[in-house]
Amino acid sequence: MNQQTNRHGVLYLVATPLGNLDDMVPRAVKVLQSVALVAAEDTRRTGLLLDQLGINQQMLSVHDHNERDRIPLLLDKLGAGQSIALVSDAGTPAISDPGYRIVAEVVAAGFDISVIPGPCAAVVALAGGGLPTDRFTFIGFPPARSGQRRQLFSQYAHCRETLVIYESVHRIDESLADAVQVFGADRRAVVARELTKLHESWYRGSLTELLSMAREDANFHRGELVILIEGQRADEPADSLDLEKLCRVLADELPPGRAASAAARISGKRRKDCFELIMAFNPEHPEAD
Ligand code: SAM
């Protein structure tokens, strides 16, 4: 480990299991045993993990709301030659979890970073999803409000790469419904649920099929999940591109309701769909949501 050869401490980013303790890699255990401090997103949760591993360590809470404030203290410790392990509740720190600000500051201060790799839900879902993995785009958690979510999705509507999305089980139906609107009913997708855990399950199909499964299967709303959406295929008809362009142009010139009516007449699509697309570009508009 570099900390023996370093005057300064090392910041270790230590991945932890997504829900299966056997996924804890031996190097992560060694690091957690050897550092001066474990900086944890939730000290209670990490405390349980450390107990299961038989490790007794000093902990400090570092979460989204205090990450910036903790940086000076962490830099002082590294400067004093003490190594720190940063862990999140599950998976890889800094991936939709606290950490990147700390990493940036630690790098800027000239200290060493070392990542102890391990589980990451996005990568596990991609690996088993069966959608193309040569290129992918990770968009993390979409916004909770439908208008903003559709606006985000529409930025990727013509992306050729597989999209990887983290979503809460409480919003999965709404998110899939928005995805149907933006990416089209037939786009292939996967929902990977409870990865590495007892009830790991994979749901595959078109976006509309997945939406029906979500509405019918209560399990869809339990635990944690990742959504994968296949990128736009080269042979996919470009009509959704035209509709989006058409709606954008009309919405620049007309109030949303009139723009939607005009777009529906020109494209032959439903006015409601055109209206929702227009609102997705302009979620702050008083008619949105
Ligand atoms: N840093 C973590 C990682 O490396 O995957 C992600 C943390 S993020 C706050 C939590 C989200 O990751 C969940 O809402 C879910 O979308 C996804 N996730 C985490 N564990 C999962 C699991 N076991 N199965 C499916 N998705 C999971």
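Excluded from the calculations below are hydrogen atoms, water molecules and symmetry mates; all remaining heavy atoms, backbone and side chain alike, are included. On a predicted model such as this, the values are computed, not experimentally measured, just so you know. The chain is numbered in sequence order, starting from 1.
Minimum interatomic distance between T137 and C159 (heavy atoms only, all atoms of both residues): OG1-SG, 4.0 Å. Closest heavy-atom contact between A214 and D173: CB-OD1, 3.5 Å. Here the closest non-hydrogen pair linking A28 and A15 is CB-O, 4.2 Å. Pairing each heavy atom of G129 with each of V190, the nearest pair is O-CG2, 3.5 Å. Heavy atoms only, all atoms of each residue included: G99 and L86 are closest at CA-CD2, 3.7 Å. Across all their heavy atoms, R248 and S154 have their closest contact at NH2-OG, 4.3 Å.
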Should V35 and I84 be marked as a side-chain contact (heavy atoms from CB on, under 4.5 Å) after you check the CA-CA gap, both sets of side-chain angles, and the distance that decides it?
CA-CA 5 Å; V35 290; I84 300 166; 5.8 Å; no
Let me see the working for Q181 and L277 under side-chain contact (heavy atoms from CB on, under 4.5 Å), right down to the final yes or no.
CA-CA 8 Å; Q181 288 288 326; L277 197 53; over 6 Å; no
Chi angles and distances behind the side-chain contact (heavy atoms from CB on, under 4.5 Å) call for L176, L207:
CA-CA 7 Å; L176 287 173; L207 279 171; 4.1 Å; yes
I165/F153 under side-chain contact (heavy atoms from CB on, under 4.5 Å): CA gap, chis, key distance, verdict
CA-CA 10 Å; I165 301 167; F153 285 171; 3.9 Å; yes
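The CD1 atom of I278 sits 11.5 Å away from atom CZ of R150, with the distance rounded to the nearest 0.5 Å. To the nearest 0.5 angstrom, M279 atom CE is 12.0 Å from S146 atom OG. Here the CZ-NE2 distance, from R215 to H221, works out to 9.5 Å after rounding to the nearest 0.5 Å. The structure places CD1 of I229 at 8.0 Å from OG of S175, a figure rounded to the nearest 0.5 Å. The distance from the OH atom of Y100 to the CG atom of L13 is 14.0 Å, given to the nearest 0.5 Å. Rounding to the nearest 0.5 Å gives a distance of 10.5 Å between CG of L32 and CE of M59.
Between the side chain of R160 and the backbone N or O of Q232, at least one donor-acceptor pair lies under 3.5 Å. At distances below 3.5 Å, at least one donor-acceptor pair connects side-chain atoms of S83 with backbone N or O atoms of V10. Checking side-chain atoms of R271 against main-chain N and O of G257 turns up a donor-acceptor pair under 3.5 Å. Looking at T208, its side chain does come within 3.5 Å of a backbone N or O of A185 through a donor-acceptor pair. Looking only at distances, no side-chain donor or acceptor of E167 sits under 3.5 Å from a matching main-chain atom of F141. Judged purely by atom type and a 3.5 angstrom limit, R193 uses its side chain to pair as donor or acceptor with the backbone of R222. Of the possible donor and acceptor atoms, one in the side chain of R70 sits under 3.5 Å from a partner among the backbone N and O of S61. T46 contributes no side-chain N or O that, together with a main-chain N or O of T43, makes up a donor-acceptor pair within less than 3.5 Å. Side chain of N66 to backbone of H63: a donor-acceptor contact under 3.5 angstrom is found. A donor-acceptor contact shorter than 3.5 Å is absent between the side chain of E230 and the backbone of L131.
Other residues, nucleotides and ligands contribute more than 12 heavy atoms inside 6.0 Å of the CG atom of D252. In R68, the CZ atom is not crowded: 12 or fewer heavy atoms of neighbouring residues, nucleotides or ligands sit closer than 6.0 Å.
Under the 4.5 Å side-chain heavy-atom criterion for Ile, Leu, Val, Met, Phe, Trp and Tyr, W202 and L163 are members of distinct hydrophobic clusters. Residues L126 and V123 do not share a hydrophobic cluster, defined by chaining ILVMFWY side chains whose heavy atoms lie under 4.5 Å apart. The cluster map of Ile, Leu, Val, Met, Phe, Trp and Tyr, joined by side-chain heavy atoms under 4.5 Å apart, puts I266 and V249 in different clusters. Residues L18 and V25 fall into different hydrophobic clusters, defined by Ile, Leu, Val, Met, Phe, Trp and Tyr side chains chained together at heavy-atom separations under 4.5 Å. Hydrophobic clustering (ILVMFWY, side-chain heavy atoms < 4.5 Å, transitive): L225 and Y203 are in one cluster.
Side-chain contact between D97 and E41 is present, with heavy atoms from C-beta onward closer than 4.5 Å. Side-chain atoms of L49 and L21, non-hydrogen and from C-beta on, do get closer than 4.5 Å to each other. By the 4.5 Å heavy-atom criterion applied to side chains, N56 and L50 are not counted as neighbours. Here the side chains of L74 and L37 are in contact, with some heavy-atom distance below 4.5 Å. Between K197 and E224, some side-chain heavy-atom pair lies under the 4.5 Å cut-off. Looking only at side-chain heavy atoms (C-beta outward), S267 and L246 come within less than 4.5 Å of each other.
Centroid-to-centroid, the aromatic rings of Y166 and F138 come within less than 6.0 Å.
No side-chain N or O of S261 forms a donor-acceptor pair with one of R265 less than 3.5 Å apart.
For R101 and E105, the salt-bridge test fails: no basic side-chain N is under 4.0 Å from an acidic carboxylate O. Ion pairing between a basic and an acidic side chain is recognised when a charged N comes within 4.0 Å of a carboxylate O; R135 and E161 show no such pairing. Residues E174 and R149 are not paired through a salt bridge, judged by the lack of any N-O separation under 4.0 Å between the basic side chain and the carboxylate.
Using the six-membered ring where Trp is involved, F111 and H8 have ring planes that are perpendicular, over 60° apart on the 30 and 60° scheme.
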